[in-house]
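First comes the structure, then the notes that go with it.
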Amino acid sequence: MIITAASPKGGTGKTTLSVVMAALLAEESARVLIIDLDASCAISQCYGRILQDATSMEFLSACPENFAGIYPARKNIDIIPGNIRNMLLNNIMDTQLKISLRKSGLAHKYDYILIDPPGYWGAHLRNAVYASDVIVIPANCSRIDYEVTRLFFDTLQDCGLEGKEVFVCINASNKKTNLPGIEDMYRQEFGEFLIPYPIPYIQSLKKITDNVDYPLHAAVKQKLRAVTDHIIKGEANG
Ligand SMILES: Nc1ncnc2c1ncn2[C@@H]1O[C@H](COP(=O)(O)OP(=O)(O)OP(=O)(O)O)[C@@H](O)[C@H]1O
Ligand SMILES: [Mg+2]
């Protein structure tokens, strides 16, 4: 299963959610591959895999059959690292990643492939969307996040993504600072496509992208496990 946490807005929690999902799935002995498509290389940095010899840029632009850019990250987790030069690669086909994944056979070698794209609607995010089975849109609790999420959700429908699951996941919810009524607004707008477990604003989650081994409280883990299970079981879209 290929999953992307995607948003055309920066800072919504895409990388955080990917790191958390990778850890929870790997903990259950699933084999996980992360593909970093973001030129900022944030998720590569999480696993100490920046500035590697072979990266997602070569995976997108060269013959992927004997690709040498898969690096161990943690137990059961490998990564194809990002490349700062990805920002220069704008003229790739939107389906190049899908083609590279098919040619490489990687979807058969891993239980889950998690793609971490940049937070703008460009070639890399489109490649992530077209390659994925499941797209999760993390959305923070502000008016602009709400409007961006609506726009992106509609844009995805216009892309003709039949057969793909799309979810919206409320992230960094904090009753004191949220736009009043925002969770209800998300519920009304997205209905069954909204994951029914909002992720709270939690200090330990803030720390996890600096230290992927940072221990999460059992209650936090339980909530994130419910989110992850919902995503992999495709509960909304049947
Ligand atoms: N649930 C949460 N609670 C607390 N902090 C969070 C939570 N989710 C994300 N953050 C923090 O919000 C910031 C943005 O998160 P993250 O880097 O995961 O977003 P992103 O969508 O990947 O950003 P970018 O668009 O830059 O790639 C980070 O500082 C992260 O630690
Ligand atoms: Mg990110």
Side-chain angles (χ1 to χ4, degrees), residues 1 3-25 38 42-43 112 114-121 125 128-129 132-159 161 164-210 214-238:
M1 178 181 279
I3 305 170
T4 297
S7 170
K9 180 175 179 292
T12 60
K14 300 177 285 296
T15 301
T16 303
L17 184 58
S18 297
V19 165
V20 163
M21 285 194 295
L24 292 175
L25 293 167
D38 192 347
I43 204 161
Y112 297 95
L114 306 181
I115 305 171
D116 192 34
Y120 55 85
W121 188 232
L125 176 50
V129 162
S132 294
D133 304 306
V134 183
I135 297 148
V136 189
I137 313 172
N140 290 343
C141 294
S142 72
R143 181 74 201 218
I144 197 72
D145 274 80
Y146 172 77
E147 296 297 346
V148 164
T149 305
R150 282 179 57 193
L151 177 62
F152 187 46
F153 192 87
D154 287 348
T155 305
L156 291 178
Q157 310 308 314
D158 292 344
C159 289
L161 301 179
K164 295 183 195 287
E165 314 258 18
V166 181
F167 294 106
V168 173
C169 181
I170 296 174
N171 186 36
S173 179
N174 178 344
K175 293 274 180 325
K176 286 191 188 140
T177 54
N178 285 355
L179 178 72
I182 185 79
E183 289 195 7
D184 285 339
M185 287 162 67
Y186 277 117
R187 245 173 250 125
Q188 270 170 27
E189 179 69 21
F190 296 106
E192 60 175 348
F193 298 101
L194 184 71
I195 297 176
Y197 315 104
I199 303 175
Y201 183 94
I202 303 171
Q203 278 302 333
S204 55
L205 274 178
K206 184 133 198 81
K207 293 186 176 138
I208 205 147
T209 45
D210 290 331
Y214 192 86
L216 294 176
H217 193 276
V220 173
K221 244 175 138 170
Q222 195 181 3
K223 181 157 277 210
L224 294 167
R225 198 176 287 286
V227 171
T228 305
D229 283 351
H230 194 91
I231 292 166
I232 63 175
K233 289 178 183 151
E235 278 166 16
N237 308 237

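Positions are given from 1, in the same order as the sequence printed here.
- Among all heavy-atom pairs drawn from Ala172 and Asn178, the shortest one is O-OD1, 4.2 Å.
- Taking all atoms of both residues into account, the shortest heavy-atom contact from Lys164 to Ile135 is CD-CD1, 4.1 Å.
- Of the inter-residue distances, the one linking Leu114 atom CG with Thr4 atom OG1 reads 8.0 Å to the nearest 0.5 angstrom.
- In this structure, the separation between CG on Leu156 and CZ on Phe193 is 11.5 Å, given to the nearest 0.5 Å.
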Under 3.5 Å donor-acceptor pairs involving side-chain atoms of residues 136-146, not counting sequence neighbours:
unit_1: Asn140; atom_1: ND2; unit_2: Gly11; atom_2: O; d: 3.2
unit_1: Ser142; atom_1: OG; unit_2: Asp145; atom_2: N; d: 3.1
unit_1: Ser142; atom_1: OG; unit_2: Asp145; atom_2: OD1; d: 2.8
unit_1: Arg143; atom_1: NE; unit_2: Glu147; atom_2: OE2; d: 3.0
unit_1: Arg143; atom_1: NH2; unit_2: Glu147; atom_2: OE2; d: 2.6
unit_1: Asp145; atom_1: OD1; unit_2: Lys9; atom_2: NZ; d: 3.1
unit_1: Asp145; atom_1: OD2; unit_2: Asn140; atom_2: N; d: 3.1

Stepwise salt bridge (Lys or Arg N to Asp or Glu O under 4.0 Å) check, Asp184 with Arg187: CA-CA 5 Å; Asp184 285 339; Arg187 245 173 250 125; 2.5 Å; yes

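- At distances below 3.5 Å, at least one donor-acceptor pair connects side-chain atoms of Asn171 with backbone N or O atoms of Thr12.
- Once rounded to the nearest 0.5 Å, the distance linking CD1 of Ile170 with CZ of Phe190 reads 9.5 Å.
- Separating the CD1 atom in Ile231 from the CG atom in Leu17 is a distance of 5.0 Å, to the nearest 0.5 Å.
- Residue Pro117 comes nearest to Lys14 through the heavy atom pair O-CE, 3.9 Å, listed as atom of the first residue, atom of the second, then distance.
- Under the 4.5 Å side-chain criterion, counting only non-hydrogen atoms from C-beta, Ser132 is not in contact with Ile3.
- Interatomic distance, Ile195 CD1 to Phe167 CZ, rounded to the nearest 0.5 Å: 6.0 Å.
- One finds the CD atom of Gln203 at 14.5 Å from the NE2 atom of His217 (value rounded to the nearest 0.5 Å).
- Minimum heavy-atom separation, Met21 to Thr228: CG-OG1, 3.7 Å.
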